[in-house]
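Data first, discussion second: the structure below is written as structure tokens.
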Amino acid sequence: MKIVFAKPAMPQQGVLIVGVLEGRKKLATAQLIDAKTKGALKKLFDVARFEGRTDQVASLMVPPGLKLARVIAIGLGKASDIDEKRLEAFGAKAATEALASGEAEAALAVDAIPGCKLGEAAMAARMALGASLKSWRFDRYFTTEKADDKPKLKTFTLLGLDVAAARKAFLPLNAVAEGVRLTRELQSEPANIIHPESMAARARELIRLGVKVEILGEAQMKRLGMNALLGVGQGSARESKLVVMRWTGSRNKQAAPIAIVGKGVTFDSGGISIKPAGGMEEMKWDMSGAAVVYGLMKALAGRKAKVNVVGVAGLVENMPSGTAQRPGDVVKSMSGQTIEVINTDAEGRLVLADALWYCQNRFKPTAMIDLATLTGAILVALGSEYAGLFSNDDKLCERLASAGESVGEPLWRLPMGEAYDKMIKSDIADMKNIGDGKAGSITAAQFLKRFVNNVPWAHLDIAGTAWAKKDLATVPKGAAAFGVRLLDRFLQDNYER
Ligand code: BES
Ligand code: MN
Ligand code: ZN
């Protein structure tokens, strides 16, 4: 589906989508259609009991007096509630309806909304972003899908007066959408396709966008003393990798970067502490944190963000085998601290321990944020509505939570403290890798904190939000890329000038 912008004109084919405010307040295009069809929309709204409430839909087939196949009215809700997020959701809903219509052409009328602060071009761009994000589909492995079941929609046109301004406003948003798509694709690929070696190789695609990419293999990591990360991958036939990506977009090329670190467990079987069979296939997306780092770097480079960012992805496969790490093993991390591995399924923190340590010491970032599908316990606490936020810095928390709120990727902060830290005391090493089963997401965060020095740091536990179990406003069921838009917005709001 191609997204294009054009001047308002009555389309001669396909479907036309119009917005209607709550209380059946028709915007300009809907009024025009009523005029041309002798009040067909009004009649439709009566019959369909359509009031214009958020996401309400009513569709008019073969509208009299028009050449179109159909007109679809979608509720915008109350004018006073309309903001960027709402417009994205509206664009997404429009794309969903257009795809379901079976038509090849769809046009969405971008009418001015009374009282809306956003200009028409900005509105068009937001709707386009929603449509683009929602229409993504991972269909690479369907080989016998019938033509009838494939989406037929070829073009999705946003009709608005200032075409040039709308196109311009969409450029940076489209770059973010490209980043989201990369993340979703990496998340969706099965673990026989995306493993540490192939995922590391995929980072090279970003080089042409101006991202500097370095890939460390096991020999290099061994020399650096990254035994916590290496221990997780030692049961796998695939070589563990650490990918470092750098985007230097700030005017001051020397300025210290913001660092983003991602957990990239390309498959988490649990290792010797093996997981139950039911649902284990989900652990292909245990690399979502790392995938977010990839997508974010793509977004930043794509929109030439004026900020310096370093992204680090720790890529390992957690497998049971004759060479796998055993429960009870003690490993020495790059920081020098020793870890007793009580449970090989608490592997993400072992990967991040070395990735975080390496990142802060090599790059001296002004802030460091990690993303990880770290604990099942975060689902118990927050479900899939919020990702968990843990931090040593209130200001950083505020900035992250506010960015998350703006883009619909909300965060909820959980406490940390000494009492929790005590729970990971080991009898034979500096720490153990699990607590006693209570407050599992917090003890995991406490573990990470031991590998962070004096840098403002935040940890996002995205185990509950990385994968959408159902359709969301701008996310089709499946890989959600949760974090890409949030971090893009966080960087834009606080560090770009
Ligand atoms: N990758 C899992 C966490 C997870 C669970 C992600 C559900 C996505 C959905 C993580 O490595 C893990 O296995 N955590 C264990 C920790 C436990 C052994 C202390 C868990 O949450 O059960
Ligand atoms: Mn695990
Ligand atoms: Zn895991």
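In this chain, residues are counted from 1 in sequence order. Just so you know, ligand 1 is whichever comes first in the structure, and atom 1 is the first atom listed for that ligand.
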Q: Could you tell me whether K150 atom NZ has more than 12 heavy atoms of other residues or ligands within 6.0 Å of it?
A: yes
Q) Starting from atom 18 (C) of ligand 1, which protein heavy atom do you reach first, and at what distance in Å? A) N343 ND2, 3.5 Å
**Q.** K134 and K93: CA distance, side-chain angles, deciding distance, side chain to side chain contact (heavy atoms under 4.5 Å, CB included) verdict
**A.** CA-CA 8 Å; K134 190 64 181 258; K93 182 76 181 169; over 6 Å; no
Q: Check if T443 has a non-hydrogen atom at a distance under 4.0 Å from any atom of ligand 1.
A: no
Q | Lys/Arg N to Asp/Glu carboxylate O, K146 vs D149, below 4.0 Å | A | no
Q) Any idea how F363 and Y358 line up, ring-wise: parallel (<30°), tilted (30 to 60°), or perpendicular (>60°)? A) perpendicular
(Q) Around atom CD of E418, are there more than 12 heavy atoms from other residues, nucleotides or ligands closer than 6.0 Å? (A) no
Q.
Nearest N/O/S atom of E347 with respect to the Mn ion (ligand 2), by atom name, please.
A. OE1
Q | Candidate pair S288 and Q187, rule side-chain hydrogen bond (donor to acceptor under 3.5 Å, both in side chains), full reasoning | A | CA-CA 6 Å; S288 295; Q187 288 184 277; 2.8 Å; yes
Q) Near the Zn ion (ligand 3), meaning under 2.8 Å, how many protein N/O/S atoms are there? A) 4
Q. Taking atom CD of E409 and atom CG of L487, what is their separation to the nearest 0.5 Å?
A. 8.0 Å
Q: Classify the contact between D286 and ligand 1 as side chain, backbone, both or neither, using a heavy-atom distance cut-off of under 4.0 Å.
A: side chain
Q: Measure up the F451 and F447 rings against each other and bin them: parallel (under 30°), tilted (30 to 60°), perpendicular (over 60°).
A: tilted
Q: Check whether any N, O or S atom of D286 sits under 2.8 Å from the Mn ion (ligand 2).
A: no
Q) Does NZ in K449 sit with more than 12 non-hydrogen atoms of other residues, nucleotides or ligands closer than 6.0 Å? A) no
Q | E282 and ligand 1 - part of the residue with a heavy-atom distance under 4.0 Å | A | neither
(Q) Would you say NZ of K275 has more than 12 non-hydrogen atoms from neighbouring residues, nucleotides or ligands within 6.0 angstrom? (A) yes
Q: Name the option, out of L374, V265, T375, that contains the heavy atom nearest to atom 10 (C) of ligand 1.
A: L374
Q.
My understanding is that we take every heavy atom of each candidate and find the minimum distance to atom 16 (C) of ligand 1. Doing that for E347, R349, M283, K263, which one comes out nearest?
A. R349
(Q) Can you report which non-hydrogen protein atom sits closest to atom 15 (C) of ligand 1, along with the distance? (A) D345 O, 4.0 Å
Q.
Need the ligand 1 atom indices (1-based, order shown) with element for anything under 4.0 Å from a heavy-atom of I434.
A. 19 (C)
Q: Provide, to 0.1 Å, the distance between atom 21 (O) of ligand 1 and the closest protein heavy atom, together with that atom's residue and name.
A: G376 N, 2.7 Å
Q. Under 3.5 Å, is there a donor-acceptor pair linking the side chains of R181 and S132?
A. yes
(Q) Tell me if the NZ atom of K477 is crowded by more than 12 foreign heavy atoms within 6.0 Å. (A) no
Q | Degrees at the Mn ion (ligand 2) between the OD1 atom of D345 and the OD2 atom of D268, nearest 10° | A | 100°
**Q.** Numbering as shown, the atoms of ligand 1 that approach K275 to under 4.0 Å (heavy-atom distance)
**A.** 12 (C), 13 (O)
Q. Is there a heavy atom of W285 sitting under 4.0 angstrom from any atom of ligand 1?
A. yes
Q) Which protein non-hydrogen atom lies closest to atom 2 (C) of ligand 1, naming both residue and atom, and how far is it? A) D268 OD2, 3.6 Å
Q) If you draw a 6.0 Å radius around CG in D436, do more than 12 non-hydrogen atoms from other residues or ligands fall strictly inside? A) yes
